[in-house]
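This report concerns only the one structure given below.
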Amino acid sequence: MYRKILMRMRMMNATRKVAVGWAKEYKRYLSTTTTNQILLSPPLVSVDLPEIWGSTSTLYHHHPTQSPVSHAKIINGKSIAEEITSRVASNVKRMKESIGKVPGLAVILVGQRRDSLTYVRNKIKACEEAGIKSVVAEFPDSCAEEDIMTSLSKFNEDPSVHGILVQLPLPEHLDEEKILNLVSLEKDVDGFHPINMGNLSMRGREPLFVPCTPKGCLELLLRSGVGIVGKKAVVIGRSNIVGLPIALLLQRHHATVTIVHACTKNPEQITYEADIVVTAAGVPNLIRSSWLKPGAVVIDVGTCPVEDPSAEYGYRLVGDVCYEEALRIASAVTPVPGGVGPMTIAMLLCNTLDSAKRLYGFT
């Protein structure tokens, strides 16, 4: 019996030492910047911890605030994205001067959806600002699937194209899965390829690309000094684009993650327990103050047009979170617009640059 207790105590001490030592290294990494470093997000395999179970009660103390915060910190995604884009541009310029090459992004755009046109226009504009070459292949709503497949195949073979983006959603008559699966794994800068998603989910594996919006959410948390290790995180929404990958990403960074979706019982009660809330439900003002624990950090991915005759275009954008209420109770919150949206585009630029660096062996 004594031997079992001793072994148990040794295992607990080993767990503490590993976790505390890793936490110090992780903190040191996040505080260190180099000329070529663009993001704070480290390689995922570098943050993997051995799965040693023991008493963790002394490792991660969390004492939630018991009274509402006077005013939450606003996480300015727009300014952070501008800084990242500037760093990408510097790297692109250095690449061009060193080897005479620049990253290239190809976009497939089908139809005339107003939101899709706006998103693509913003992405192309960002590419221009960063010095990244871009090309858009446009197709009518009624186009044949074979036309898109042919265009994708050409981009896959084009050595000047390092990233391929299929703007979603596609018209219903097109097989979205079939089209996305044709995108070359090495050029899947959206990070939606099943192999990239699989590697994101597995300890010890590194995806070639992390999906842009989840990657942007993580970067916002890190740059805002939000601790993730050991924290309770709730992700609202389970889409392949945001909900699933951000849940996997937070888990890889050692948060305890719960996914809330349309079939979840007591979603308000579950969300209230979270230290970090990432919501991507696409439902305007779904998350009220009663959903949020005082001091929680809120990342609002939702972008919903709401009619507003006083607005320039007759509508305004709101998020999943009732913003004014969140400001009074959260410790930090992203605005809509100006929060996650600009970061998504900045991460697309980063992924395209990384793809070109990988191909040319450029560091």
Side-chain angles (χ1 to χ4, degrees), residues 60-77 213-214 216-251 253-308 316-341 343-344:
Y60 308 116
H61 286 295
H62 176 63
H63 302 289
T65 308
Q66 297 303 315
S67 57
V69 180
S70 58
H71 196 281
K73 170 186 175 182
I74 298 174
I75 301 176
N76 191 332
T213 299
C217 292
L218 181 70
E219 190 69 17
L220 288 175
L221 290 171
L222 295 178
R223 286 177 179 256
S224 300
V226 177
I228 301 175
V229 178
K231 296 296 181 67
K232 291 182 180 179
V234 166
V235 176
I236 302 173
R238 53 178 170 176
S239 71
N240 291 337
I241 296 173
V242 182
L244 175 60
I246 188 59
L248 294 173
L249 196 55
L250 287 168
Q251 183 173 272
H253 282 261
H254 312 293
T256 301
V257 183
T258 301
I259 296 179
V260 167
H261 49 78
C263 298
T264 301
K265 294 181 179 179
N266 303 318
E268 181 177 336
Q269 179 182 343
I270 293 170
T271 305
Y272 187 82
E273 297 176 358
D275 305 304
I276 300 169
V277 177
V278 181
T279 176
V283 180
N285 296 321
L286 172 68
I287 313 303
R288 309 302 295 262
S289 61
S290 59
W291 290 54
L292 303 174
K293 177 171 67 176
V297 176
V298 181
I299 305 294
D300 191 352
V301 184
T303 305
C304 314
V306 174
E307 287 187 17
D308 184 352
R316 58 188 173 86
L317 296 178
V318 300
D320 291 348
V321 178
C322 188
Y323 184 64
E324 295 301 325
E325 292 184 11
L327 284 176
R328 294 193 295 269
I329 198 161
S331 63
V333 61
T334 58
V336 176
V340 175
M343 290 297 292
T344 298

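Because the structure is a prediction, the values reported are computed rather than measured.
Only one option out of I259, D320, V277, V301 pairs with I236 in a side chain to side chain contact (heavy atoms under 4.5 Å, CB included); it is V277.
Between L286 and A281 the shortest heavy-atom distance is CD2-CB, 3.9 Å. Closest approach of P267 and T271 over heavy atoms only: O-OG1, 2.7 Å. Counting all heavy atoms, side chain and backbone alike, V333 lies closest to A72 at CG1-CB, 4.1 Å. Of all heavy-atom pairs between G77 and L220, the closest is CA-CD2, 3.9 Å. Residues G339 and T334 share a closest heavy-atom pair of CA-CB, 4.2 Å. Of all heavy-atom pairs spanning Y272 and K293, the tightest one is O-CB, 3.0 Å.
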For this session: Could you walk me through whether R238 and L244 pass the side-chain contact (heavy atoms from CB on, under 4.5 Å) test, one step at a time?
Result: CA-CA 5 Å; R238 53 178 170 176; L244 175 60; 5.8 Å; no

For this session: List the steps, then state whether salt bridge (charged side-chain N to carboxylate O under 4.0 Å, His left out) holds for R316 with D308.
Result: CA-CA 6 Å; R316 58 188 173 86; D308 184 352; 3.3 Å; yes

For this session: Show your reasoning for whether side-chain contact (heavy atoms from CB on, under 4.5 Å) applies to W291 and I270.
Result: CA-CA 8 Å; W291 290 54; I270 293 170; over 6 Å; no

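Residues V235 and V257 have side chains in contact (heavy-atom distance under 4.5 Å, counting atoms from C-beta outward). For the pair V278/I276, a side-chain contact is recorded, criterion being any heavy-atom separation below 4.5 Å from C-beta on. Taking the side chain as every heavy atom from C-beta outward, V336 and V318 never approach each other to under 4.5 Å. Considering only heavy atoms from C-beta on, K73 comes within 4.5 Å of S224 through its side chain. Between D300 and V340, every side-chain heavy-atom pair lies at or beyond the 4.5 Å cut-off. You'll find the side chain of S331 stays beyond 4.5 Å of the side chain of H71, heavy atoms only. The side-chain heavy atoms of T279 and V234, taken from C-beta on, include no pair separated by under 4.5 Å. Side-chain contact between L218 and H253 is present, with at least one heavy-atom pair separated by less than 4.5 Å.
T258 OG1 to E273 CD: the interatomic distance, rounded to the nearest 0.5 Å, is 8.0 Å. Rounding to the nearest 0.5 Å gives a distance of 8.5 Å between CD1 of I329 and OG of S290. The structure places SG of C217 at 11.5 Å from CG of L222, a figure rounded to the nearest 0.5 Å. The OG atom of S239 sits 11.0 Å away from the CD1 atom of I246 when rounded to the nearest 0.5 Å. Taking CG from L250 and OG1 from T256, the interatomic distance works out to 10.5 Å, rounded to the nearest 0.5 Å. How far CE of M343 is from CG of N76: 10.5 Å, rounded to the nearest 0.5 Å.
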